[in-house]
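For reference, the structure is listed below as structure tokens.
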Amino acid sequence: MPELPEVETVRRGLAPAMDGARFAAVEQRRPDLRFPFPARFRERLVGHTITSFHRRAKYLVAGLSSGEALIMHLGMSGRFSVVRPGEEPPERQAHDHVIFTMSNDFSVIYNDPRRFGFMDIVDDGNGDICRHLSGLGIEPLGNQLSGPELARLLAEKKTPLKSALLDQRLIAGLGNIYVCEALFRAGLHPTRQSGSLRSDEADRLATCIRDVLTEAIESGGSTLKDYARTDGTLGYFQHAFRVYDREGAKCSTSGCQGHVTRIVQAGRSTFFCPQCQPENHR
DNA sequence: CTTACGGCCTGTACGC
DNA sequence: TGCGTACAGGCCGTAA
């Protein structure tokens with residue numbers, strides 16, 4: 001499900017249940033997701049308290065009173081749901097893989113049909129130097145993402161702009177949807193060579209990336225097939241998509257006669273308006 | 001070093 | 001209705 005806005009929405013939904021709470025019980029219902037669970041997964045959680053709970057890119061990081069950190073990633077189809085104290089726990093669903101019962105009587109269920117997500121426990125308490133997070137690029141909503149910084153990251157790169165924005169080592173947290181939307185807003189063609197950006201274009205792109213992510217978080221993320229917030233309600237930013245999954249639709253820019261076009265880059269769909277995102281820039 | 005591609009899994013939508 | 005195919009929000013390992 002998750003790009004940065006969806007993971008941030010999940011973090012906010014999980015925080016009341018998990019942040020500051022102690023693991024009372026952990027039910028791990030299969031040996032692996034994308035990767036095997038770490039050794040003694042249950043034992044390293046039960047009895048320990050979550051002392052910090054944050055998001056880095058598309059990862060959730062729970063710092064533990066043991067000094068370790070629980071890292072969680074939702075892959076493509078991962079979904080958390082929160083059961084509030086006193087609420088009747090739902091019946092086990094197919095693909096419910098992990099159930100956390102917390103000391104505050106909340107419980108948290110992790111469901112992931114495709115099992116591209118994973119959970120790991122690392123010995124770095126804030127997770128920054130673990131193998132999952134150490135190679136990540138800048139947070140797009142942090143202070144580091146400016147036009148000049150973006151221009152610096154993309155300079156000299158021959159890879160298409162779209163591929164560069166999907167590269168988590170440069171900017172961490174964008175996925176296919178928000179890259180398409182940001183490029184549309186910035187009026188930049190997805191196949192443009194990254195290093196060809198002028199400084200005014202980099203400024204525009206940086207602004208558009210921040211704006212689209214911020215707006216998406218405010219909308220509770222985007223709901224496509226299976227994404228829901230932790231309380232089961234749906235995000236609604238998908239109604240604000242201007243190009244993603246809108247192949248053939250008339251461009252939403254007023255006065256533009258263009259139509260949304262789909263191409264495939266690096267095996268993934270790219271949606272854009274050929275009129276608003278001209279290939280030949282001046 | 002960089003970039004491209006297949007693979008991991010399951011579910012769903014669509015064409016015949 | 002049933003079957004086959006394509007495709008899906010991510011990431012990693014390998015190959016070129």
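Everything numeric here is computed off the predicted structure, so don't read it as measured data. Protein chains get the first letters and strands the later ones, always in sequence-line order, with residue 1 at the start of each. These numbers come from the heavy atoms of this one structure, side chains and all, not from hydrogens, waters or symmetry mates.
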Q | Over 12 non-hydrogen atoms of neighbours within 6.0 angstrom of CD in A:Glu43 | A | yes
So, with a heavy-atom separation below 4.0 Å from DNA chain B, the residues of residues 149-160 of chain A are A:Lys158, A:Thr159
Taken to the nearest whole Å, CG/A:Asp112 to C1'/C:dG9 is 12 Å
Taking B:dT3, C:dC11, B:dT10 as options, the one with an atom nearest any side-chain atom of A:Arg169 is B:dT3
note: A:Glu3, atom CD; C:dC11, atom P; distance rounded to Å ~ 9 Å
Quick note, ring-ring contact (aromatic ring centres under 6.0 Å, His included) partners involving residues 12-33 of chain A, not counting sequence neighbours, are A:Phe23-A:Phe100
In DNA chain B, stems of three or more consecutive pairs, Watson-Crick or G-U, each with both distances under 3.5 Å, turn out to be B:2-8 with C:10-16, B:10-16 with C:2-8
Is there a donor on the side chain of A:Arg34 or the base of C:dC11 sitting less than 3.5 Å from an acceptor on the other?
yes
> Side chains of A:Arg210 and A:Thr214: is there a donor and an acceptor less than 3.5 Å apart?
Replying inline: no
Whole-Å distance, A:Glu6 CD to C:dA8 P, equals 16 Å
| said: Are there over 12 heavy-atom neighbours, none belonging to A:Asp200, within less than 6.0 Å of that residue's CG? | reply: yes
**Asked** Touch check for A:Gly175, heavy atoms < 4.0 angstrom, all strands: base, sugar-phosphate only, or nothing?
**Response** sugar-phosphate
* Asked: Hey, are A:Arg84 and A:Asp231 close enough for a salt bridge, meaning a charged N less than 4.0 Å from a carboxylate O?
  -> no
Query raised in the report: Taking OP1 and OP2 of C:dG9, is either one under 4.0 Å from a side-chain nitrogen or oxygen of A:Arg268?
Result: yes
note: A:Leu74, atom CG; C:dG10, atom P; distance rounded to Å ~ 11 Å
Winner on side-chain proximity to A:Gln168, out of C:dG9, C:dC11, B:dT3, is C:dC11
Return the stacking result for C:dC11 and A:Phe116: yes when the ring centres lie under 5.5 Å apart and the planes under 30°, no otherwise.
no
Measure distances between side-chain N and O atoms of A:Arg114 and base N and O atoms of B:dC9, and say whether any donor-acceptor pair falls under 3.5 Å. yes
Are more than 12 heavy atoms from other residues, nucleotides or ligands located less than 6.0 Å from atom NZ of A:Lys250? yes
> Is there a side-chain polar atom (N or O) of A:Tyr244 under 4.0 Å from OP1 or OP2 of C:dG9?
Replying inline: yes
A:Asp167 atom CG is separated from B:dA4 atom C1', nearest whole Å, by 13 Å
query = So, A:Glu8 and A:Lys58, do they make that salt bridge, N to O below 4.0 Å?
reply = no
Charged N-O contact under 4.0 Å between A:Glu139 and A:Arg55 = yes
Here the distance between atom P of B:dC8 and atom CZ of A:Phe35, to the nearest Å, is 13 Å
Could you check whether A:Arg30 pairs with A:Asp32 (Lys NZ or Arg NE/NH1/NH2 to Asp/Glu carboxylate O, under 4.0 Å)?
yes
Item to complete: Look at A:Lys58 and C:dG10 and indicate whether a side-chain polar atom (N or O) is within less than 4.0 Å of OP1 or OP2.
Response: yes
Whole-Å distance, A:Gln93 CD to B:dT10 C1', equals 16 Å
Point to revise | Gap in Å between the two P atoms, one belonging to C:dT14 and one to B:dC9, rounded | key: 16 Å
Residue pair A:Ser163/A:His95 against DNA chain B: nearer the 5' end by closest nucleotide is A:Ser163
Between CG of A:Leu166 and P of C:dA8 the distance, given in whole Å, is 13 Å
Testing C:dC7, B:dC9, C:dG9 for proximity to the side chain of A:Arg262, the answer is C:dC7
Q. Reckon A:His73 has a side-chain N or O less than 4.0 Å from the OP1 or OP2 of C:dC11?
A. yes
With the side chain defined as heavy atoms from C-beta on, A:Ser269 is closest, among C:dA8, C:dC12, C:dG9, to C:dA8
Item to complete: Evaluate the criterion ring pair (Phe, Tyr, Trp, His ring centres under 6.0 Å) for residue pair A:His132 and A:Phe118; output intermediate values, then yes/no.
Response: CA-CA 11 Å; A:His132 305 295; A:Phe118 66 86; 4.7 Å; yes
Checklist entry - Does the distance from a Lys or Arg side-chain N to an Asp or Glu carboxylate O, for A:Glu68 and A:Arg44, drop under 4.0 Å? => result yes
